[in-house]
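All remarks here apply to the structure that follows.
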Amino acid sequence: MSGALLEVKDVKKHFPIKRGLMSKNAGCIKAVDGVSFSVHKGETLGLVGESGCGKSTTGRLVLRLLEPTSGEVLFEDKNIYRLSFNQMRQLRRDMQIIFQDPYASLNPRLTVEDIIIEPLVIHGIGDSHSRRQRVKEMLDLVGLSSYHGSRYPHEFSGGQRQRIGIARALALNPKLIVCDEPVSALDVSIQSQVLNLLMQLQDMLKLTYIFIAHGLNVVKHVSDRVGVMYLGKIVEIADSEELYRNAMHPYSQALLSAVPVPDPEIKRERIILTGDVPSPANPPTGCRFHTRCPQCMDICRLEEPALRPVSDKYMVACHKYQ
Amino acid sequence: MSSTGSEIAVKPQGTAQRTKTRELWRRLKKDKFAVAGGIVLLTVIILGIAAPLLTSYNPYDAVLDQRLLPPGTGGHLLGTDQMGRDLLTRLFYGARISVMVGFVAVAIALFFGIIVGLFAGYYGGLVDTIFMRGIDILMAFPYVLLAIAIIAALGPGLFQAMIAIAIVGIPYYARIVRGTVLSLREKEFVEAEKALGAGNLRIIFKHILPNTMAPIIVAATLDVGWMIIAAAGLSFLGLGAQPPTAEWGVMLSEGRNFLRVAPWVSIFPGLCIFIVVLSLNLLGDGLRDALDPRLKE
Ligand SMILES: Nc1ncnc2c1ncn2[C@@H]1O[C@H](COP(=O)(O)OP(=O)(O)OP(=O)(O)O)[C@@H](O)[C@H]1O
Ligand SMILES: [Mg+2]
C-alpha cells in the first residue's frame, strides 16, 4: 500500500495455558486477537490501554520477537513472518525497541560502551576504532558524555539508563522504533526530559515510532495518531487531536475522563468503569467491552462490532456508530 | 571525523577487560579474610610443587627402625608414620595430589554442569526435560553411593575417584546455572539482543553466561574444599588413591590404626585438609562479594 512503513494485518497471538504435566493444553490466553493498523513514515502511533490488554505483545509481534498465531506484518511491503533467519537479521537494523524497565534492559556485566557497541559487532559494522567513535556520537546524541562509556549500568539513574537504551537502539540507524512504555518507570520530573529527547531524535533522524503507554496523558504529547486497545483488540484509532477532542468509543471516553484537564473552564465528567477487566483467556461474547460499558445495548452482548471507518481517518468498533 | 582518525591514539583492544580484572582484584584485596585464605592456599600449592627442594627425604622410603617417631625427634619435624617415612615430606607431596584432585574435579563438574544448565535453561522444552530428568536421576542417589557405584564400575584409583566426584558434582552446577538462566532469559536485555539480531549462541555465551558466573564461581570455590574432602573420604574408604600414595586421605586412613600411640600420623593430614578447605571457603566468600558490581562502594 502507499506510504505506509508498517502495516499490521489481523495479527493474533494466543499463548497456550499449560497446566501440570499431563494436560497438554488447557485453553489459551488471547493476548492479541486480531489487530490491524498501519504506521506511516515519520509519524508516531500511540497505543494505549489498561495493563494486560496486549500492547507489549503487539509491539513484540511487530518486531517478530514473538511468532504470531496468525496474521501478517508488512514492513516496507515485505511480510516479515515469511523472512528467513538471515533476512530477518538484516531487517532488524531497521526496527528497534526501547523497553519499559531501564534496570532490566541493560546487561549489568557490560560497560555502557560495550552495550552500545553490541549492535555494531552483531552486524559487523566498522572496525574497533570507528565503533568507538560511533559510541561517542551516540552518547552525545542522547545527552550523555563520552566518559560515561567506561561505566557500568548500575552507576546511572533510571533516566540516564533509559538514554543508554535509546543510544543502543539508535546505533544501527533504524527506521522504526517501538517504544514500550519508555517513561512509565521514571520519575515524573524525568519523564518529560526523556519524552522531549525522543521527539527531538525523531525530528533529527526522521524516525517512525510506535509509542506504547497505558494512560492517554503521556501519549497525547507525542502521538500523531492513537490506537486504543482493549482485551487484545483495537477499539478505536484516529488522529490524536480528534480523539482527544471527541472520543467516540465509550472505553476511550472513560480513559480520557481520567486525564486531568489543565483548563478548569472545561468540565469533563469523570467516567468510572466498574468491574474488572475480563480474563483474556475467556473474553466476553459480543463486544468485549459490554460487561463494563455504561452505554451497553442488547446487540452488544451478541455480536462483535467490527473496526469500521466513521470518517476519513477515524475508525471505531462500537455498535453505537454502525 | 575521518580526518582525526589517524591522530587519535587507538586504545588497544582488551583494555576494558583488563580494567575489570584489576577492579575485581582491588576489591578482593580489601577483604582481609579472603586475602588470608588466598595466601594460605597459594602457600600450600607452592609447597606441593616445590616439595623435592624442601626436604631431603623421599616420601616412599620406608625406614623400619624409625617407625612412629614423635614430632621433633630424629630430625623429623612432624615425626614419622608407621613405615618410618617422614610425615612432613609426605604432607608436602600430598598437597600436590589432594589440592589438584579438588580443582580438577570441580573443573570437570563445572564444565559439564554449566553446559547442561545453560542449554536446558535457555532452550527449555524438550531439551530441558531430557537434561533435567537425567540430572534428577543422578541426584536421587546419595552422593557417596553414587561415587561408590561409579568406582565399582571403573575400579578403584585416584583418577577414577576424581571422575566419580566430578560426576556427583555436575547436577549441582547444572541446577544453579539453569535456575539463573531461567530468570535471565526473560530479562529485557536478552530480548534487546534478539531485537538487535544476535544469535542464540552469542546470547547464551556473551550475555547469559557472564551473569551466571558470580553464583557459580562462589559455589565452585567452596566446592573445591568439599571435593578435596570427598576425595580424601574415598581414599580413606580405600576407593580412591591407594597406599602407599602420599595423599592426605590415604595418610589419614593409615594413621587411624595408631591413633592411640601416634596420633600425629592422622592429626597432621587432617589438619592440612581442614586448613585448605577453610582457606578455600574464605576465598570463596570474598570472591562472591568482589564479583558483585552492586556491592561496589
Ligand atoms: N509469554 C507469555 N506467556 C503467556 N501469557 C503471556 C505472555 N506474554 C504476555 N502474556 C499475557 O498476555 C496478555 C497481554 O500481555 P501484554 O504484556 O501484551 O500486556 P500489556 O498491554 O503490555 O500490559 P502492561 O501495561 O502491563 O505492560 C496478558 O494477559 C499477559 O498475561
Ligand atoms: Mg507491557
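Quick note on labels: first sequence line is chain A, next is B, and so on, each numbered from 1. Here the structure is a predicted model, which means the values were calculated and not measured.
Within the 3.5 Å criterion, the main-chain N or O of A:L65 finds no donor-acceptor partner in the side chain of B:E191. Side chain of B:E188 to main chain of A:L106: no donor-acceptor pair is present (N/O by atom type, distance under 3.5 Å, no hydrogens or angles).
The shortest distance between side-chain heavy atoms of B:K194 and A:L63 does not fall below 4.5 Å.
Between B:R202 and A:E118 there is a salt bridge, with a side-chain nitrogen of the basic residue lying less than 4.0 Å from a carboxylate oxygen of the acidic one.
Interface remark: of the candidates A:L91, A:D101, A:I115, A:L172, A:D101 forms the most heavy-atom pairs closer than 4.5 Å to chain B. The choice from A:R93, A:R64, A:R60, A:H123 that makes the most heavy-atom pairs within less than 4.5 Å of chain B is A:R60.
When every heavy atom of B:K187 is checked against every heavy atom of A:A104, the shortest pair comes out as CD-CB, 3.9 Å. Taking both residues in full, the closest heavy atoms of B:A192 and A:F99 are given as CB-CE1, 3.5 Å, listed atom of the first, atom of the second, then distance. Listed here is the closest heavy atom pair of A:I97 and B:A195: CG2-CB, 3.7 Å.
With a 4.5 angstrom heavy-atom cutoff, A:M88 does not touch chain B via any of its atoms.
Atom NZ of B:K206 is separated from atom CG of A:N107 by 8.5 Å, given to the nearest 0.5 angstrom. The OG atom of A:S105 sits 11.5 Å away from the CD atom of B:E193 when rounded to the nearest 0.5 Å. Between atom CG of residue B:L196 and atom CZ of residue A:R89 there is a gap of 10.5 Å, rounded to the nearest 0.5 Å.
In this structure, A:Y103 places its OH atom where more than 12 heavy-atom neighbours from other residues, nucleotides or ligands lie under 6.0 Å away.
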